[in-house]
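No hydrogens, no waters, no symmetry mates; every other heavy atom, side chains included, goes into these values.
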Amino acid sequence: MDRKKAGVPLVCHGHSRPVVDLFYSPVTPDGCFLISASKDSNPMIRNGDTGDWIGTFEGHKGAVWSCCLDTNALRAASGSADFSAKVWDALTGEEFHSFEHKHIVRACAFSEDTHLLLTGGLEKILRIYDMNRPDAAPREIDKSPGSVRTVAWLHSDQSILSCCTDMGGVRLWDVRSGKIAQTLEIKATVTSAEVSQDGRYIITADGSSVKFWDANYFGLVKSYNMPCNVESASLEPKYGNKFIAGGEDMWVHVFDFFTGEEITCNKGHHGPVHCVRFAPGGDSYASGSEDGTIRIWQLGPATSDEQESPPNANGKLKVNTVSDAARKIEGFHLPKDGQPEG
């Protein structure tokens, strides 16, 4: 089929090394925010709609592999190769706490109620830190069968999922017992796992395919073979009728959820795409690449059965004025070469 090209993306510069993780906050009274993790050791937070740079969290001494924001976008967390997970004030950039580990931290996630932080990495241990008692020893979940690459909360913080770098499958853990309750059988290594915004699906990317699992009954709902080796996938959160995937061919692919048909290919990155995520409103999505850039893409004009706002005449996202939250950012440190481009 002919590939349809999307409009020109917003290109977000600032990182000097590959971008390896992206995370959107839910929509807050100040808008939504996008945090990025990079091998340059400096997580960055941006306006999720415009891509405008807000601040850089400085303090890690090694590559940052994972990043997240809590539900209110008031705190950020990051996991690093410097054997630490750090929690930051998302308004000032101040470091709240640094949780020391004994090996590389590859994954972190705030609980939905914002009170807990989950971490995992090459120690093969899942740890849960109480944000109300950050100096207390963390709870350690039963030993992971492999090095942890991805973690997420689901079922109103009653369950967590994890994927390993050195083996296939997704493991679902019961938080109360600390034991594996279910395993999604996938032969290949799972490089990304996302819980859909409505909690209905678990979306996995395993290189050759993107799979959708029932998040409550754990059955395989859909599985689509990919046109290239993909590293990350994300489901459109508003209608659930499209999903995106990115990988080694440097393109960001948009597919129909119901048929698996490719709708659009977005070309622009100059290196493999390591991470893709939909914005919470579903009207745009972001991609992070080996080339060190983040690109924010407009989903495109709505079809007749979708009541979405049309794009601007030039096909780009409208750049809004600086939000109130951005005005509060005073404690962030600029990189040595000055403020990065939005």
Side-chain angles (χ1 to χ4, degrees), residues 21-36 45-49 66-77 90 107-114 116 118 150-163 170 172 184 190 192-205 210-222 224 232-246 252-258 263 275-288 296-300 302-303 305-309 317:
D21 193 25
L22 294 170
F23 185 94
Y24 276 101
S25 76
V27 177
T28 74
D30 292 310
C32 78
F33 298 89
L34 174 66
I35 188 171
S36 55
I45 188 169
R46 301 173 184 275
N47 181 302
D49 295 320
S66 179
C67 59
C68 60
L69 293 162
D70 69 9
T71 304
N72 304 310
L74 297 178
R75 287 180 296 193
C108 60
F110 281 112
S111 59
E112 184 179 335
D113 67 9
T114 75
L116 305 172
L118 172 66
T150 306
V151 296
W153 297 84
L154 65 164
H155 304 147
S156 299
D157 301 333
Q158 298 302 303
S159 305
I160 57 179
L161 66 78
S162 69
C163 308
V170 176
L172 284 302
L184 307 183
V190 175
S192 94
E194 174 189 86
V195 180
S196 63
Q197 188 167 287
D198 61 5
R200 184 177 178 184
Y201 298 112
I202 297 169
I203 303 100
T204 61
V210 172
K211 293 179 170 63
F212 298 85
W213 307 80
D214 189 300
N216 297 301
Y217 301 100
F218 309 116
L220 180 62
V221 178
K222 293 181 180 295
Y224 296 120
S232 183
S234 184
L235 179 66
E236 191 279 323
K238 190 173 182 180
Y239 300 100
N241 57 1
K242 299 180 181 72
F243 69 95
I244 53 175
V252 182
H253 303 263
V254 184
F255 299 93
D256 185 291
F257 168 78
F258 299 103
I263 301 170
C275 43
V276 293
R277 283 291 176 265
F278 259 105
D283 55 351
S284 63
Y285 48 95
S287 54
I296 298 177
W297 311 82
Q298 179 86 5
L299 186 59
T303 56
D305 60 340
E306 296 174 359
Q307 299 302 312
E308 297 180 345
S309 299
L317 287 170

(message) Whether the side chain of W153 engages the backbone of E112 through a donor-acceptor N/O pair (distance < 3.5 Å, no angle test) should be reported.
(response) no
(message) The criterion is side chain to side chain donor-acceptor pair (under 3.5 Å); which residues satisfy it with D214, sequence neighbours excluded?
(response) none
(request) Specify the closest pair of heavy atoms between D21 and C275, including all atoms of both residues, with the distance to one decimal. (result) N-SG, 3.5 Å
(message) Please determine whether side chain to side chain contact (heavy atoms under 4.5 Å, CB included) holds for the pair L118 and L116, giving the CA-CA distance in whole Å, both sets of side-chain angles, and the decisive distance to 0.1 Å.
(response) CA-CA 7 Å; L118 172 66; L116 305 172; over 6 Å; no
(request) Measure the OG-CG distance between S66 and L22 for me, rounded to the nearest 0.5 Å. (result) 11.0 Å
(request) With sequence neighbours left out, write down each residue that passes ring pair (Phe, Tyr, Trp, His ring centres under 6.0 Å) with F278, or none if nothing qualifies. (result) Y285
(request) Drop me the distance from W213's CH2 to K211's NZ, to the nearest 0.5 angstrom. (result) 6.5 Å
(request) Only counting residues at least two apart or in another chain, list the ones meeting side chain to side chain contact (heavy atoms under 4.5 Å, CB included) with S192. (result) A205, S232
(request) Please name all residues satisfying side chain to side chain donor-acceptor pair (under 3.5 Å) with E194, sequence neighbours left out, ordered by chain then number. (result) S234
(message) Tell me every residue that passes side chain to side chain donor-acceptor pair (under 3.5 Å) with N72, counting only those two or more places apart in sequence or in another chain.
(response) none
(message) Can you confirm whether H155 sits close enough to N216 that some side-chain heavy atom of one is under 4.5 Å from a side-chain heavy atom of the other?
(response) yes
(request) Write down the atom of F255, the atom of A245, and the distance for their closest heavy-atom approach. (result) CE1-CB, 4.1 Å
(message) The test is side chain to side chain contact (heavy atoms under 4.5 Å, CB included); show your working for T114 and L74 and say whether it passes.
(response) CA-CA 10 Å; T114 75; L74 297 178; over 6 Å; no
(message) So, using ring pair (Phe, Tyr, Trp, His ring centres under 6.0 Å) as the criterion, who are the partners of Y201 when residues are at least two apart?
(response) F257
(message) If the condition is salt bridge (charged side-chain N to carboxylate O under 4.0 Å, His left out), which residues does D70 pass it with, not counting sequence neighbours?
(response) R75
(request) Starting from the C-alpha separation in whole Å, work towards a yes-or-no answer on side chain to side chain contact (heavy atoms under 4.5 Å, CB included) for D49 and C32. (result) CA-CA 7 Å; D49 295 320; C32 78; 3.9 Å; yes
(request) List the atom of P280, the atom of P237, and the distance in Å for their closest heavy-atom pair. (result) O-CG, 3.3 Å
(message) On a heavy-atom basis, which atom in A73 and which in T28 lie closest, and how many Å separate them?
(response) CB-CG2, 3.9 Å
(message) Looking at every non-hydrogen atom in both residues, tell me the closest pair between Y239 and E236 and how far apart they are.
(response) N-OE1, 2.6 Å
(message) Taking side chain to side chain contact (heavy atoms under 4.5 Å, CB included) as the definition, give me every residue that meets it alongside A76, ordered by chain and number, with sequence neighbours left out.
(response) I35, F57, L69, W88
(message) Looking only at the side chains, is there a donor atom on one of D113 and S111 sitting less than 3.5 Å from an acceptor on the other?
(response) yes
(request) Check whether any side-chain heavy atom of L154 lies under 4.5 Å from a side-chain heavy atom of I202, and answer yes or no. (result) yes
(request) Dump the intermediate steps for side-chain hydrogen bond (donor to acceptor under 3.5 Å, both in side chains) on S196 and D198, then the final yes or no. (result) CA-CA 5 Å; S196 63; D198 61 5; 2.7 Å; yes
(message) Using 0.5 Å steps for rounding, measure from the OH atom of Y24 to the SG atom of C68.
(response) 16.0 Å
(message) Angle between ring planes, F212 versus F243, binned at 30° and 60°: parallel, tilted or perpendicular?
(response) perpendicular
(message) Are the side chains of T71 and F110 in contact, using a 4.5 Å heavy-atom criterion?
(response) no
(message) Give me the atom names and distance for the closest heavy-atom approach of L235 to K242.
(response) CD1-O, 3.2 Å
(message) Main chain of I296, side chain of S284: is a donor-acceptor contact present, judged purely on distance under 3.5 Å?
(response) no
(request) Could you list the residues that satisfy side chain to side chain contact (heavy atoms under 4.5 Å, CB included) with T150, not counting sequence neighbours? (result) C163, A193
(message) Using the side chain to side chain donor-acceptor pair (under 3.5 Å) criterion, which residues pair with S25? Sequence neighbours excluded.
(response) none
